[in-house]
J.: 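The structure follows.
In what follows, every heavy atom counts, from backbone to side chain, and hydrogens, waters and symmetry copies are set aside. Letters A, B, ... mirror the listed sequences (proteins, then strands); counts begin at 1.
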2 protein chains.
Amino acid sequence: MSNRFIDKLKGFASLTATESAALAALTATPRPYPAKHDLIREGDRPGPVFVVLDGWACRYKILPNGSRQVLAYLMPGDSCDLHIGLLAEMDHSIQTVTPAVVATIERADMDALMGRHPGIGKAMYVGQLIDEGTMRAWITSMGRRASIERVAHLMCELYLRARNIGLTLEPRLALPLSQSMLADSLGMTPVHLNRVMKELRGSGAMTLQRGSLIIEDPARLIRIAGFDENYLHRRLRTGVR
Amino acid sequence: MSNRFIDKLKGFASLTATESAALAALTATPRPYPAKHDLIREGDRPGPVFVVLDGWACRYKILPNGSRQVLAYLMPGDSCDLHIGLLAEMDHSIQTVTPAVVATIERADMDALMGRHPGIGKAMYVGQLIDEGTMRAWITSMGRRASIERVAHLMCELYLRARNIGLTLEPRLALPLSQSMLADSLGMTPVHLNRVMKELRGSGAMTLQRGSLIIEDPARLIRIAGFDENYLHRRLRTGVR
DNA sequence: CGCTGGATTGACTCGGATCAAGTCGAGTGG
DNA sequence: CCACTCGACTTGATCCGAGTCAATCCAGCG
């Protein structure tokens, strides 16, 4: 019975058996949700912390004119902000992308947990720093990368994140994201995204079809994207308590 | 002798006299820096937490092709991420925009402080949630707003943030940002930014000249921007410990 | 077997980038 | 006090990447 949340945190800080057990206890009774189900909406009062144990979710905002911007993807093991409960209302929504299994941790439990087990706190903070780095990378992509670079960059990110948590070993990944959702992530239209995909396919860098991302030429994809994985912070600081 | 850092945190959580004094002690010996001075660069190993007590700073990234993306502005009272020390290297740089007065707090001191004074921790976390909300707003702007909307949105944000911390009371603000810096914040060229500014001026919504932002018609500017200030989280959760 | 929601392609338009001159204001030195 | 310089701001002309609109195409499915 693996718990992807715990597995992910273990990659950020060593957890004692007690700490793992405490986390397991708090995420022992997750709930399944269908695809495209809002876990929480912009304007809602935040409740417990969400932890995605299986499936994909995304953060997004809807603009006054009705268009959507996807802000981040949550993969198995990812969670929403752990201090979310301090705010009066959400500034964005979180929705499942695929059918997903999601645990919730009450704020009081979370606080108690982190007070008692500093290792868990540390691991959660590292996760949060990575999420922030990812947002900065998205801002950078949107602002200063051409569309083909942007697409390539997102594919690099999603593939590496998936590999980091053991979702795949081969140069291929099951990507449950429609072209219109990808377009809403990258600030472009579905039509243009489709053409860019065609170009990437033609260049021999990668292929995305039928929900399957295949990295054909990693070096080329990385070069197109101008991708530097440092923002995913795989190498963490060593020797610091 | 006001301390903008403490003033800002007091807006997020009530601080006891002891807590204020502890914060004052840790930020008692700030250093002045000239404008355009890198406090820390992408790739550097993070050190202490930076706290901007006076002046403006920004976070930014430089892309392989040499172009720059500004990621956020730090105004007086703002600080960098308080867990920054957990990472092996910075994923972006932080630079002063104007001459600035900056204090640094060592990680050990910060940890001790937050362990002893939960109110400080809470206030810092609220500040961080606002920073994250701001990044999400930037992603949304870059992805789904036209350039004039984007510019108007940033001006709304900067003006409101400045007013929230008491930098101004009137509908005017000293904005020490060059057009090329604004362009690098908004993912556009300086030339185009200039034209957009002209259009905003012509529409009677706002004027920016000689480092001075004047909001001529707040309602119109907000309408152009499609601005919703909820992401700045001024109304915080009440009745929660 | 027709329906439906993605994916794909074509034709046309337009917002913003690019390239290239200026202009303006604050220093600076003669 | 004025010529010179330098950085930042403006403006015009042109081009191209990406949006828009409108047909298909296709696979999965009731």
J.: Using a heavy-atom cut-off of under 4.0 Å over every strand shown, decide if B/M188 touches base, sugar-phosphate, or nothing.
T.: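 Touches sugar-phosphate only.
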J.: Toward the 5' end of DNA chain D, which comes first, A/R145 or A/R210, by nearest nucleotide?
T.: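 Nearest nucleotide further toward 5': that of A/R145.
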J.: Assign the ring pair A/H153 / A/F227 to parallel, tilted or perpendicular, where the plane angle (0 to 90°) is split at 30° and 60°.
T.: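 It falls in the tilted class, 30° to 60°.
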J.: Could you tell me how far apart A/D184 (CG) and C/dA7 (P) are, to the nearest whole angstrom?
T.: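 Taking atom P of C/dA7 as the reference, CG of A/D184 is at 12 Å.
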J.: Please tell me if A/N194 has a side-chain N or O lying less than 4.0 Å from either OP1 or OP2 of C/dA7.
T.: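 So the side-chain polar atoms of A/N194 never come under 4.0 Å of the phosphate oxygens OP1 or OP2 of C/dA7.
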J.: Given atom NZ of A/K36 and atom P of C/dG5, what is their separation to the nearest angstrom?
T.: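 In whole Å, C/dG5 P and A/K36 NZ are 12 Å from each other.
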J.: Let me know the distance between CG of A/L208 and C1' of C/dA7, rounded to the nearest Å.
T.: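 Roughly 11 Å, once rounded to whole Å.
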J.: Given that B/R144 and B/Q209 both sit by DNA chain D, which one's nearest nucleotide is further toward the 5' end?
T.: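 Final value for this comparison: B/Q209.
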J.: A/H192 has an atom NE2; how far is it from atom C1' of C/dG16, in whole Å?
T.: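 Going from A/H192 (NE2) to C/dG16 (C1'), I get 14 Å.
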J.: Would you say the side chain of A/Y33 lies within less than 4.5 Å of the side chain of A/T98, judging by non-hydrogen atoms?
T.: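 The answer is no; the side chains never approach within 4.5 Å.
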J.: Need two values: the first and the last nucleotide of DNA chain D, 5' to 3', having an atom under 4.0 Å from any heavy-atom of chain B.
T.: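 Contact boundaries, 5' end first: D/dC9 to D/dA13.
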J.: Among A/K61, A/Q69, A/R59, A/E42, which residue meets the side-chain hydrogen bond (donor to acceptor under 3.5 Å, both in side chains) test with A/H92?
T.: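 That would be A/R59.
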J.: Select base, sugar-phosphate, or nothing to describe what B/T189 touches, counting heavy atoms under 4.0 Å on all strands.
T.: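 Result for B/T189 = base.
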J.: Is any N or O donor-acceptor pair between the side chain of A/R195 and the base of C/dG10 shorter than 3.5 Å?
T.: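 Check passes, donor-acceptor contact within cut-off.
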J.: Whether the side chain of B/S212 engages the backbone of B/L208 through a donor-acceptor N/O pair (distance < 3.5 Å, no angle test) should be reported.
T.: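 Judged by distance alone, no pair lies under 3.5 Å.
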J.: Indicate, with a heavy-atom threshold strictly under 4.0 Å, whether B/G187 touches base, sugar-phosphate, or nothing.
T.: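 Touches sugar-phosphate only.
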J.: Atom CG of A/L193 to atom P of C/dT8: distance rounded to whole Å?
T.: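 In whole Å, C/dT8 P and A/L193 CG are 9 Å from each other.
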J.: Report yes if a side-chain nitrogen or oxygen of A/Q179 is closer than 4.0 Å to either non-bridging phosphate oxygen (OP1 or OP2) of C/dT8; otherwise report no.
T.: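 For C/dT8, OP1/OP2 do have a side-chain N/O of A/Q179 under 4.0 Å.
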J.: Could I get the full list of salt bridge (charged side-chain N to carboxylate O under 4.0 Å, His left out) partners for A/R41, not counting sequence neighbours?
T.: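 A/R41 satisfies salt bridge (charged side-chain N to carboxylate O under 4.0 Å, His left out) with A/D38 only.
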J.: Return yes if some donor-acceptor pair links the side-chain N/O of B/T104 with the main-chain N/O of B/F50 below 3.5 Å, else return no.
T.: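 Not a single qualifying donor-acceptor pair exists.
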J.: Test your reading of the model: is there a side-chain donor-acceptor pair from A/T168 to the backbone of A/R163, 3.5 Å cut-off?
T.: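 No; judged by distance alone, with no hydrogens or angles, the pair does not exist.
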